[in-house]
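Input: a single structure, listed below in structure tokens.
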Amino acid sequence: QLQLVESGGGLVLPGGSLRLSCTASGFSLDDYVIGWFRQAPGKEREGVSCIRKSGTSTNYPDSVKGRFAASRDNAKNTVYLQMNSLKPEDTAVYYCAARSGLACQYSPDFYGYWGQGTQVTVSS
């Protein structure tokens, strides 16, 4: 079965950093555009990054711009999300997702493959 598995979440103090990983099995991530999304309790799922097949990223939303950065290592079939200067508002379940199209999109409606999510909690 095609799978995406997120890891790297946990509890971190405000101002701290985490690096999330998304590893694929059953298919090669270099054939897909990869998005990172998050969902906090009571809120809709929000796109926080999108990385193209080439490894470049589109503009980040204002909520994470300057703090989050996505990258990919095709040899490891893994995509990363580096999160710095974390705030309590960043607390959410974080998901990676894949789409077969060419363009980066920040709406979850465009993605067909999803991981199970990893919890990130930013709290003192």
>> Taking V48 as the starting point, is it possible to reach Y113 by hopping between hydrophobic residues whose side chains are less than 4.5 Å apart?
In response: yes

> Shared ILVMFWY cluster between V5 and F27, side chains joined below 4.5 angstrom?
Replying inline: no

> Is the shortest heavy-atom distance from the side chain of V33 to the side chain of C50 under 4.5 Å?
Replying inline: yes

> Going through the distances and angles, do D90 and R38 end up as a salt bridge (charged side-chain N to carboxylate O under 4.0 Å, His left out)?
Replying inline: CA-CA 9 Å; D90 297 319; R38 66 185 183 185; 2.8 Å; yes

> Is there a chain of hydrophobic side chains (I, L, V, M, F, W, Y, each step under 4.5 Å between heavy atoms) that links L81 to I51?
Replying inline: yes

> Side chains of Q119 and T91: does their closest heavy-atom pair fall under 4.5 Å?
Replying inline: yes

> Do any pairs count as a ring-ring contact (aromatic ring centres under 6.0 Å, His included) and have a residue in residues 56-88, sequence neighbours left out, and if so which ones?
Replying inline: none

>> To the closest 0.5 Å, what do you measure between SG (C96) and CG (L29)?
In response: 7.5 Å

>> Using the rule given for side chain to side chain contact (heavy atoms under 4.5 Å, CB included), can you reason through D31 versus K53, listing the C-alpha separation, both sets of side-chain angles and the distance that settles it, and then say yes or no?
In response: CA-CA 6 Å; D31 291 329; K53 298 174 183 179; 5.5 Å; no

> Between the side chain of S107 and the main-chain N/O of D109, is any donor-acceptor distance below 3.5 Å?
Replying inline: yes

>> Would L20 and T118 count as a side chain to side chain contact (heavy atoms under 4.5 Å, CB included) here? Give the steps.
In response: CA-CA 8 Å; L20 305 183; T118 185; 4.1 Å; yes

>> Restricting to ring pair (Phe, Tyr, Trp, His ring centres under 6.0 Å), what partner residues turn up for F37, sequence neighbours left out?
In response: Y111, W114

>> Would you say M83 ends up clustered with Y106 if hydrophobic residues are merged whenever their side chains have heavy atoms under 4.5 Å apart, either directly or through other cluster members?
In response: no

>> To the nearest 0.5 Å, what is the distance between CG on N77 and CG on D30?
In response: 7.0 Å

>> Do S54 and T56 pair up side chain to side chain, a donor and an acceptor below 3.5 Å, judged on atom types alone?
In response: yes

>> Working note: Q82 + S71, criterion side chain to side chain contact (heavy atoms under 4.5 Å, CB included); need CA distance, chi angles, decisive distance, verdict.
In response: CA-CA 8 Å; Q82 180 68 46; S71 62; over 6 Å; no

>> Quick one, N74 with R72, criterion side chain to side chain contact (heavy atoms under 4.5 Å, CB included). Give me CA distance, side-chain angles, the key distance, then yes/no.
In response: CA-CA 6 Å; N74 290 335; R72 67 194 306 162; 3.2 Å; yes

> Y95 and V120: same hydrophobic cluster, using ILVMFWY side-chain contacts below 4.5 Å?
Replying inline: no

>> Taking side chain to side chain donor-acceptor pair (under 3.5 Å) as the definition, give me every residue that meets it alongside T23, ordered by chain and number, with sequence neighbours left out.
In response: T78

>> Between S21 and E6, do the side chains contain a donor N or O and an acceptor N or O under 3.5 Å apart?
In response: no

> If every non-hydrogen atom of C22 is compared with every non-hydrogen atom of L4, which pair is closest and at what distance?
Replying inline: SG-CD2, 3.9 Å

